[in-house]
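Atoms within a ligand are numbered from 1 in the order they appear, just like the ligands themselves. Computed from heavy atoms alone, side chains included, the values below leave out hydrogens, waters and symmetry copies.
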Amino acid sequence: MDEHDLDDDPIAQLQAWLEEARDSVPQPDAMTLATADEEGRPSARVVLLRGIDERGLAFFTNLTSRKAHALRQNPRAAVVLHWWELGRQVRVEGAIVEVSDEDSNAYWKRRPRASQIAGWASPQSQSLADRSDLDARVAEVEERFDGGEVLLPPFWGGYRLVPDSIEFWTHQDSRLHDRIRFIRSGAVWSQERLAP
Ligand SMILES: Cc1cc2nc3c(=O)[nH]c(=O)nc-3n(C[C@H](O)[C@H](O)[C@H](O)COP(=O)(O)O)c2cc1C
């Protein structure tokens, strides 16, 4: 990978790599999201990238989950996308902002009904007595909505990672992999090559 192979705009470059990944990677939108709580204790989990534009990378979740608690205490995050089939990795770091209610609602409406029911029924990251506890919650939510529209829960929504660092990595058999990192200062991105 040469510096000149990459778009000057790293968001456009990430969009291009994502599109290329769709041809060979089963779930190219899966990304590992790392957060840290107020004590600096890290945690990581996979979420789906559900929107990328000049504003940043959006994902959706339960706003009472462990990740949501951490993001309220410490609104910064890092994500990693890895596409084994392409020998590519992208690392993104930045500040976290909440997605507007309008955008959360628009995404919610596109989700399958079963996912909407699950969103209501699951107290994400909290302890359950057993599996039947969850099944009972699902049955209760299904009865409540009774075949009607399943509205956006007040405890569900999106976050946007506003990048200030984006690194593109490509595999080399020599193990001398290529790494090019973009750093944002205000509205201007600059790039540097990092040692593998
Ligand atoms: C492929 C994959 C995609 C996932 N997508 C999401 C997602 O978009 N949003 C979400 O809240 N959890 C998603 N999860 C579940 C999370 O990994 C995690 O179990 C859950 O969000 C609770 O995390 P927390 O306790 O750290 O908040 C996904 C898991 C996998 C394996």
Side-chain angles (χ1 to χ4, degrees), residues 11 14-15 17-53 55-138 141 150-163 166:
I11 299 274
L14 176 50
Q15 287 169 323
W17 273 21
L18 266 168
E19 281 315 306
E20 288 172 33
R22 291 192 199 291
D23 292 335
S24 54
V25 180
Q27 184 52 272
D29 304 312
M31 57 185 191
T32 300
L33 166 75
T35 58
D37 65 17
E38 62 191 342
E39 287 158 14
R41 192 182 302 128
S43 62
R45 77 292 288 155
V46 175
V47 295
L48 295 178
L49 174 57
R50 286 309 197 197
I52 172 170
D53 58 27
R55 295 170 299 171
L57 285 67
F59 58 92
F60 293 86
T61 192
N62 183 306
L63 303 177
T64 66
S65 64
R66 179 176 175 190
K67 72 182 87 54
H69 279 295
L71 291 172
R72 265 192 294 279
Q73 293 166 351
N74 178 8
R76 285 194 64 83
V79 304
V80 183
L81 295 117
H82 173 228
W83 304 303
W84 176 264
E85 297 84 345
L86 297 173
R88 287 175 173 172
Q89 170 183 251
V90 182
R91 296 168 59 174
V92 185
E93 297 170 19
I96 287 282
V97 297
E98 288 184 19
V99 163
S100 69
D101 291 347
E102 197 184 354
D103 284 356
S104 289
N105 213 19
Y107 174 66
W108 176 261
K109 285 179 191 292
R110 292 201 306 272
R111 281 165 58 97
R113 186 181 178 82
S115 303
Q116 294 176 333
I117 297 282
W120 271 99
S122 171
Q124 193 177 57
S125 313
Q126 292 174 33
S127 299
L128 295 168
D130 52 28
R131 178 79 202 189
S132 68
D133 184 355
L134 187 58
D135 295 341
R137 289 167 187 263
V138 169
V141 172
V150 184
L151 300 172
L152 175 72
F155 53 82
W156 201 94
Y159 291 102
R160 183 172 284 114
L161 174 63
V162 181
I166 305 182

**Prompt:** Going by the atom numbers of ligand 1, which of them fall below 4.0 Å from some non-hydrogen atom of Ser125?
**Reply:** 22 (C), 24 (P), 25 (O), 27 (O)

**Prompt:** Can you check whether a protein heavy atom sits less than 4.0 angstrom from atom 24 (P) of ligand 1?
**Reply:** yes

**Residue and atom name of the nearest protein heavy atom (relative to atom 26 (O) of ligand 1), distance in Å to one decimal** = Arg45 NE, 2.7 Å

**Prompt:** In the protein, which heavy atom is nearest to atom 8 (O) of ligand 1, and how far is it?
**Reply:** Leu48 N, 3.1 Å

**Phe60 to ligand 1, any heavy atom closer than 4.0 Å** = yes

**Message:** Considering both backbone and side-chain atoms of Asn62, is one of its nitrogen or oxygen atoms within less than 3.5 Å of a nitrogen or oxygen in ligand 1?
**Reply:** no

**Complete:** min-distance protein heavy atom vs atom 31 (C) of ligand 1 -> Val46 CB, 4.1 Å

**Request:** Report the distance from atom CZ of Arg22 to atom CG of Asp29, rounding to the nearest 0.5 Å.
**Result:** 4.5 Å

**Nearest non-hydrogen protein atom, atom 20 (C) of ligand 1** = Gln124 NE2, 3.3 Å

**Message:** How long is the straight-line distance from CG of Asp103 back to CZ of Arg50, given to the nearest 0.5 Å?
**Reply:** 14.5 Å

**Message:** Give me the nearest non-hydrogen protein atom to atom 11 (O) of ligand 1 as residue plus atom name, then the distance to 0.1 Å.
**Reply:** Thr61 OG1, 2.6 Å

**Fill in**
Distance col, row Leu49:CG vs Leu33:CG, nearest 0.5 angstrom, shows 11.0 Å

**Heavy-atom neighbours of Asn105 CG exceed 12 at 6.0 Å** = yes

**Complete:** atom 6 (C) of ligand 1 sits nearest the protein heavy atom Val47 CA, 3.5 Å

**Asked** Under a 4.5 Å cut-off applied to non-hydrogen side-chain atoms, are Leu48 and Phe59 in contact?
**Response** no

**Complete:** Which of Arg45, Arg66, His69, Gln73 passes side chain to side chain donor-acceptor pair (under 3.5 Å) with Thr35? Answer is Arg45

**Prompt:** In the protein, which heavy atom is nearest to atom 21 (O) of ligand 1, and how far is it?
**Reply:** Lys67 NZ, 2.6 Å

**Request:** Taking atom CZ of Arg88 as the centre, report whether more than 12 heavy atoms of other residues, nucleotides or ligands fall under 6.0 Å from it.
**Result:** yes

**Message:** Would you call the rings of Trp83 and Trp17 parallel, tilted or perpendicular, taking 30° and 60° as the class edges?
**Reply:** perpendicular

